[in-house]
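Step one of this worksheet: look at the structure below.
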Amino acid sequence: MIIQNHINSYREQANLSITMYYDDACVICSTEAHNMKKRQPEKIRLVPVDAGLDELAIAGFSREDAMTYMCMKDSYGNWYTHMDAVRLLYKTGGVKWSPLLFLPVIKQLGNFTYPYVARNRYRIPNWVTKMVYGTAVLQACENGVCKIAPDKR
């Protein structure tokens with residue numbers, strides 16, 4: 001869902017700088033955020049949701065919404081959430097296959113599945129996390145699911 005958008009082209013979006021508000025208690029969210037930041041450090045600014053609550057509230061996002069669904073703001077002040085935020089993150093991060101996320105069937109499938117995955121990300125089993133991110137991220141996982149409190153990292 002795009003809150004406001006006057007950016008029309010894929011190329012123009014790929015050249016934006018973004019601020020990503022993310023759930024820093026979620027190992028998957030933190031890992032993905034930092035991986036994208038490493039790809040494009042000058043274009044991606046990371047802000048844990050709790051550190052950006054004032055700005056998120058001004059844009060109309062509750063803490064609960066921001067902790068559940070990815071929220072992003074581009075350099076023009078446009079806000080993105082859900083799969084629109086994911087697509088913008090991967091474009092800005094320079095992920096080679098990110099244009100595939102805009103193909104009609106893939107885009108619809110992503111829009112349909114994202115809310116379910118976002119709401120249930122703490123239930124993702126270790127073997128799935130290991131398959132996607134490798135063994136390093138599993139140091140933060142316990143009892144078959146991945147989650148870690150920020151004060152214990």
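Please read these numbers as outputs of a predicted model, since none were measured by experiment. Just the heavy atoms: all of them, side chains too, but no hydrogens, waters or symmetry mates, feed the values below. For this chain, numbers begin at 1 and follow the sequence in order.
Annotation: side-chain hydrogen bond (donor to acceptor under 3.5 Å, both in side chains) contacts of Arg63 (sequence neighbours excluded): Asp50. Residues meeting the side-chain hydrogen bond (donor to acceptor under 3.5 Å, both in side chains) test with Gln108, sequence neighbours left out: none. Under the side-chain contact (heavy atoms from CB on, under 4.5 Å) criterion, Glu64 pairs with Ser62, Thr68, sequence neighbours left out. Annotation: side-chain contact (heavy atoms from CB on, under 4.5 Å) contacts of Tyr116 (sequence neighbours excluded): Arg119, Asn120. Considering only residues two or more places apart in sequence or on other chains, Asn35 meets the side-chain hydrogen bond (donor to acceptor under 3.5 Å, both in side chains) condition with none of them. Partners of Glu32 by side-chain hydrogen bond (donor to acceptor under 3.5 Å, both in side chains), not counting sequence neighbours, listed by chain and number: Tyr90, Tyr133.
With hydrophobic clusters built from ILVMFWY side chains whose heavy atoms lie under 4.5 angstrom apart, Tyr76 shares a cluster with Leu88.
Contact check for Ser17 versus Ile44: no side-chain heavy atoms found under the 4.5 Å cut-off. Looking at heavy atoms from C-beta onward, Met20 lies in side-chain contact with Leu89 at the 4.5 angstrom threshold.
Side chain of Ser75 to backbone of Leu16: no donor-acceptor contact under 3.5 angstrom is found. A donor-acceptor pair under 3.5 Å links the side-chain atoms of Ser98 to the main chain of Val95, judged by distance alone.
Rounding to the nearest 0.5 Å gives a distance of 7.0 Å between CG of Leu101 and CD1 of Ile106. Taken from CE in Met70 to OH in Tyr22, the straight-line distance is 11.5 Å, to the nearest 0.5 Å. Between Tyr21 atom OH and Lys73 atom NZ the span is 5.0 Å, to the nearest 0.5 Å. Within the model, atoms CE of Met83 and CG of Leu109 stand 8.5 Å from one another, a figure rounded to the nearest 0.5 Å. How far OH of Tyr114 is from NE2 of His82: 6.5 Å, rounded to the nearest 0.5 Å.
What you find for Arg121 and Cys29 is that their closest heavy atoms are NE-SG, 3.2 Å. Shown here for Gly94 and Arg39, the closest heavy-atom pair between the two residues is O-NH1, 3.4 Å.
No hydrogens or angles considered: nothing links the side chains of Asp23 and Tyr69 as a donor-acceptor pair under 3.5 Å.
Phe61 and Trp79 have tilted rings, their planes meeting at an angle from 30° to 60° on a 0 to 90° scale.
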